[in-house]
Amino acid sequence: MKPPLRYVADPSPLVNEFANFCHQWDLHRAMRAMDAMERHGVFADAITYSELIKCCSARGAVQEGKRVHEHIFCKGYEPKMFVVNTLLNMYVKFNLLEEAEDLFDEMPERNVVSWTTMISAYSNKLNDKALKCLILMFREGVRPNMFTYSSVLRACDGLPNLRQLHCGIIKTGLESDVFVRSALIDVYSKWSDLDNALGVFDEMPTRDLVVWNSIIGGFAQNSDGNEALNLFKRMKRAGFLADQATLTSVLRACTGLALLELGRQVHVHVLKFDQDLILNNALIDMYCKCGSLEDANSAFSRMVEKDVISWSTMVAGLAQNGYSRQALELFESMKESGSRPNYITVLGVLFACSHAGLVEKGWYYFRSMKKLFGVDPGREHYGCLIDLLGRAGRLDEAVKLIHEMECEPDSVTWRTLLGACRVHRNVDLAIYAAKKIIELEPEDAGTYILLSNIYANTQRWEDVAEVRKTMTNRGIRKTPGCSWIEVDKQIHVFILGDTSHPKIEEIVQRLNDLIERVMGVGYVPDTNFVLQDLEGEQKEDSLRYHSEKLAIMFGLMNLSREKTVRIRKNLRICGDCHVFAKVVSRMEHRSIVIRDPIRYHHFQDGVCSCGDYW
DNA sequence: GTAGGGTTAG
């Protein structure tokens, strides 16, 4: 590498002036000074150029950056490698991959920084290229450092030999770096390999906030809210203060567990970061999924900045909680605000149409979504429309739509159709759909049970026996129904057939009283939904203690009148419990919310927000 | 001059 040609020989005042502007990050004057230098054929030193490039990079000044690039490759000048590396980095920051690649290819020599910059450019979505880069780098004899590994690990999403790479990192001794560790934790989490993620975490002698956030986020994203919350407690005990990322993951954990009260407590800490978009998005999602639309609405309206995720969350949240009209109104406001709907926004809109029974409007959005919003209908959009048609009783059209789908129907698609068959009592189509689901998901106990119930309800006992036999042969067991309720910041769990709750006797006694009273106002246990083929009274007994009934009773006993009884369930609510909840909401003047795995049921004054369709 | 963590559906 030659030194700058005339810098030493000619310390021109032009160069000095240029250097001053560059070091002050006065981009405008620096660029003018650079033009003057070019006219006189003089150049500055490498550090000055590097400073100028960093300034362009920080200011997002693309054109200026390209001018500097041209300037330092002027005839007769050979920039030092670290200046070219700075340029490379600038292009990567501007997301100008082609420019970065061209520059990289032309470099006569490349060091670990050059390679790492390229790897980090690819490690967002071009994972193959990032890994190829690592291999080429080895071939050129350049050894990766901790920067390289933390970049390349981001590209390992979907890499089968992650363990191998991990071992390689251990051998080089670079595993001790916190950045590398957090990247490892993150990759293992993305793979849902939380044992290994926790292994890396536990071995760390010192941890920083980001590492805590990585592990908490890992559990929160893998639907293990309890462990995420435990780790959050450990983090606080270790003396760390939560930041935006921590709180976002904690909120996500609350969302998954439907812990409204804990979520409210977290909200207090969110106020410290009230300008943070992602955190606020997580907050409104938490309130929506915990069924408190008042809180969601007020948090949403207080947001200074809203993006497509904020709008989509709120539109879907309203729709899922039964406020279809408001969801569609909000969607109109979204369009007026200039925010562009995406794939997920449209799902919320179709969901709203479906729940409001707006068949024509749903069809309209479905047919014109490509033209209106540039979004191609995907499997989930078809699902919403199948739900819409099913709700309206147009089962033939729904089946026709499944056969016309551009993508392969999956088990969710068939399950949607099955739901429609159940409501409209179409036995033959239900059997057809259930068989399709079993083909695609032979391990799912729920479908076998459902199929067996359909047979039982139509007295097809031989078929019932056949399904049961298949289940036994395949070793499939029923998942017991399970409901959760939060009272005084404590979670109470009720499982069908489990009597371990300390107050179970009192709950059962009070529940029996309640059932007597609701039967007095015309409630009849709906034995069609019983999961076993029992007879008469026995049937009623097994219904009587469904986990959601126990949870409702416990809520009525322990929550003050004005409080909503909020329950989360692991399985879909059964028809009998649904009727029961409606009657109780009217008779006891209580508001009850039950969130099952895919729908919300807001019971008030004897009516449910789902419109008795789920 | 190069690196790590958080949000919407399913």
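In what follows, chains are A, B, ... by sequence order, proteins preceding strands, each numbered from 1. The figures here come from the full heavy-atom set of this structure, side chains too, leaving out hydrogens, waters and symmetry mates.
- Between A:Phe240 and A:Trp212, the angle of the ring planes lies from 30° to 60°, which puts this pair in the tilted group.
- Taking atom CD1 of residue A:Ile344 and atom C1' of nucleotide B:dT8, one finds them 5 Å apart after rounding to whole Å.
- Aromatic ring centroids of A:Tyr365 and A:Phe331 lie under 6.0 Å apart.
- Side-chain proximity of A:Glu380 to the nucleotides B:dT2, B:dG6, B:dA9 is greatest for B:dA9.
- Looking at heavy-atom distances under 4.0 Å, A:Lys190 makes no contact with the nucleic acid at all.
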Atom pairs and distances, donor-acceptor, side-chain atoms in residues 65-72 of chain A, under 3.5 Å, two or more places apart:
from	atom 1	to	atom 2	distance (Å)
A:Lys66	NZ	A:Glu99	OE2	3.2
A:Arg67	NH2	A:Asp35	OD1	2.5
A:His69	ND1	A:Tyr91	OH	2.7
A:His71	ND1	A:Glu38	OE1	2.7
A:His71	NE2	A:Tyr49	OH	2.6

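- If you take CG of A:Asn145 and P of B:dT2, they are 12 Å apart, rounded to a whole angstrom.
- Of the candidates B:dT7, B:dA3, B:dG10, B:dG10 carries the atom nearest the A:Val412 side chain, counting heavy atoms from C-beta on.
- Applying the ring pair (Phe, Tyr, Trp, His ring centres under 6.0 Å) criterion to A:Phe82, with sequence neighbours excluded, gives no partner residue.
- Non-hydrogen atoms lying under 4.0 Å from DNA chain B are contributed by A:Thr86, A:Asn89, all within residues 86-106 of chain A.
- Per the geometry, CG belonging to A:Asn281 stands 11 Å off P belonging to B:dA9, to the nearest Å.
- Relative to the side chain of A:Ser182, the nucleotides B:dG4, B:dT7, B:dA9 differ in distance, and B:dG4 lies closest.
- Whole-Å rounding puts the A:Phe331 CZ to B:dT8 C1' distance at 14 Å.
- The side chain of A:Ala183 sits closest to B:dG4 out of B:dG6, B:dA9, B:dG4.
- The side chain of A:Gln221 contributes an N or O atom lying less than 4.0 Å from OP1 or OP2 of B:dT7.
- Contact check, A:Arg154 against B:dA3: no side-chain N or O comes under 4.0 Å of OP1 or OP2.
- One interatomic measurement links the two molecules: CD of A:Glu441 to C1' of B:dG10, which rounds to 12 Å at whole-angstrom precision.
- A:Asp208 contributes a side-chain N or O that forms a donor-acceptor pair with the base of B:dG4 under 3.5 Å.
- In A:Leu271, the CG atom is crowded: over 12 heavy atoms of neighbouring residues, nucleotides or ligands sit closer than 6.0 Å.
- When heavy atoms are screened at a 4.0 angstrom cut-off, A:Arg181 is found touching no nucleic acid atom at all.
- Taking side-chain N and O atoms only, A:Arg252 has a distance below 4.0 Å to OP1 or OP2 of B:dT7.
- Here A:Asp243 lies in heavy-atom contact (under 4.0 Å) with a base.
- If you check every strand for non-hydrogen atoms under 4.0 Å, A:Val315 touches nothing.
- For A:Ile278, counting side-chain heavy atoms from C-beta on, the closest listed nucleotide (B:dT2, B:dA9, B:dG6) is B:dG6.
- Rounded to whole Å, the distance from CD on A:Glu408 to C1' on B:dG10 is 18 Å.
- Residue A:Lys289 has a polar side-chain atom (N or O) positioned under 4.0 Å from OP1 or OP2 of B:dA9.
- The six-membered or imidazole ring of A:Tyr600 lies away from that of A:Phe351, with a centre-to-centre distance of 6.0 Å or more.
- Residue A:Val211 has its side chain nearest to B:dG4 when only B:dG6, B:dA3, B:dG4 are considered.
- The distance from atom CD1 of A:Ile386 to atom P of B:dA9 is 20 Å, rounded to the nearest whole Å.
- A straight line from CE of A:Met314 to C1' of B:dT7 spans 15 Å, rounded to a whole angstrom.
- Contacts of A:Thr313 with the nucleic acid, taken as non-hydrogen atoms under 4.0 Å apart, involve only primed sugar atoms and P, OP1 or OP2.
- Between A:Tyr188 and A:His166, the ring planes are tilted. Angles from 30° to 60° get that label.
- In this model, the phosphate group of B:dG10 is not approached by any side-chain N or O of A:Arg415 to a distance below 4.0 Å at OP1 or OP2.
- Dense packing is recorded around CD of A:Glu332, with more than 12 heavy atoms of other residues, nucleotides or ligands lying under 6.0 Å away.
- Across all non-hydrogen atoms, the minimal contact from A:Asp387 to A:Ser354 is OD2-OG, 2.6 Å.
- Among the nucleotides B:dT2, B:dA3, B:dG6, the one closest to the side chain of A:Asp186 is B:dG6.
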